[in-house]
Structures are given as structure tokens and as C-alpha cells.
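What follows is a short report on a single structure.
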Amino acid sequence: METDFYEMVYELVRLIPRGRVSSYGAIAKSLGAGGTARMVGYAMRHAGTAYPPVPAHRVVNSSGLLTGKFHFDPPEAMEERLAAEGVSVKDNKVVDFKKVHWDPRKEL
DNA sequence: ATCATGACCATCC
DNA sequence: AGGATGGCCATGA
């Protein structure tokens, strides 16, 4: 079973608009804590077992780097999905990260 | 309660 | 530029 923390993360991630990406740190801050960025990633690891599914591929690190792509199955799925949604990925990082970055604190 | 781990982040060298 | 270090905090044994 998932904890409340995970659920909060999942909900927020599910709110990410199509064709946009967010960062672990931004999500963590939106949850009220600044140092829980790692927990967001930890939650993402459980995201695969969560339902409804969480678009974890829309979550990257502060640099727009696809740090967790190797946790996907298969790893290529991450950039493929992003590309399919209009987000270009180059060398494991999001192109025009600044433009497609979705900050929950601002957008919400 | 303590220890070790982690899909991070910022800083320092 | 790229590697190493410390800090942040939740989870599980």
C-alpha cells in the first residue's frame, strides 16, 4: 500500500500537462518540503506499481536530465514517450527544458 | 530508536 | 567541465 506522501507525489505528477515536464525539486517544494526531492524519486520508483499509472517520464531532475530513464522498462520508453508528447530529448536531457518546465507552484 | 539506501540538489575543488 | 562531498528527509530492516 502507498503512503500519503507517495499519493501526494502521484497526484501532482498526474497533474503535469501533456508536452510538459517537471522536476523532482519543484515537486518536492510544492509539497511543502524542499529537501524531499529524493523522496519524490523514491516514490517514482514505486510509481510503476501505482494505479492509476503515473506519468513518471514527465519528471526529470533540475537540469532536465532523464536520470531515471534506466528505471523504465524498457529504458528507451522514457524519451520515446516524451517525444511522442512533443518533448524533444537529446542525449538523455530535455530540449528547451526552460520552456517545457512545469512548475506546480506557479501553474497551480 | 538506529543504520543504510536513494529516479536529488547545491557547493566546492 | 566533471568528479567528489555534504545535506536534505522518508522508507524499510
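Residue numbers start from 1 in every chain, and the chains themselves are labelled A, B, ... in the order their sequence lines are given, proteins ahead of strands. Heavy atoms only: backbone and side chains are in, while hydrogens, waters and symmetry mates are out.
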Practice problem: Determine: side-chain N/O of A:T3 to OP1/OP2 of C:dA10, distance under 4.0 Å, yes or no. | Solution: no
Quiz item: Hey, does the side chain of A:Y42 reach the backbone of A:T36 with a donor-acceptor pair shorter than 3.5 angstrom?
Solution: no
Quiz item: Roughly, in whole Å, what's the span from NZ in A:K29 to C1' in B:dC9?
Solution: 11 Å
Quiz item: Can you name the closest pair of heavy atoms from A:L66 and A:E79 and give their distance?
Solution: CD1-CB, 4.2 Å
Quiz item: Using a cut-off of 4.0 Å on non-hydrogen atoms, how would the nucleic acid contact of A:A56 be classed: base, sugar-phosphate, or nothing?
Solution: base
Exercise. Whole angstrom is fine here: how far is it from CG in A:N92 over to C1' in C:dG2?
Key: 16 Å
Quiz item: Would A:T3 and A:Y6 count as a side chain to side chain contact (heavy atoms under 4.5 Å, CB included) if you check the C-alpha gap in whole Å, the side-chain angles of each, and the deciding distance to 0.1 Å?
Solution: CA-CA 5 Å; A:T3 65; A:Y6 285 161; 3.8 Å; yes
Self-check item: Contacting residues from residues 20-27 of chain A, given that a heavy atom lies under 4.0 angstrom of DNA chain B
Solution: A:Y24, A:G25
Self-check item: Residues A:L12, A:S30; criterion side chain to side chain contact (heavy atoms under 4.5 Å, CB included); working and verdict
Solution: CA-CA 9 Å; A:L12 200 53; A:S30 305; 3.7 Å; yes
Exercise. To the nearest Å, give me how far apart CE (A:M8) and C1' (C:dA10) are.
Key: 11 Å
Quiz prompt | Value in whole Å for how far the C1' atom of C:dG3 lies from CG of A:L65 | solution = 15 Å
Quiz item: DNA chain C: A:R38 or A:F5, which has the more 5' nearest nucleotide?
Solution: A:R38
Practice problem: Among B:dC9, C:dT11, B:dA7, find the nucleotide with the atom closest to the side chain of A:S62. | Solution: B:dC9
Practice problem: Please measure how far the P atom in C:dC8 lies from the corresponding atom in B:dC12, and state the result in whole Å. | Solution: 15 Å
Self-check item: Considering all heavy atoms, the nearest A:F97-A:S23 contact
Solution: CZ-CB, 4.5 Å
Quiz item: Which residues in residues 70-89 of chain A have at least one heavy atom lying under 4.0 Å from any atom of DNA chain B?
Solution: A:H71, A:F72
Quiz prompt | Side chain A:R58, main chain A:W102, donor-acceptor under 3.5 Å | solution = no
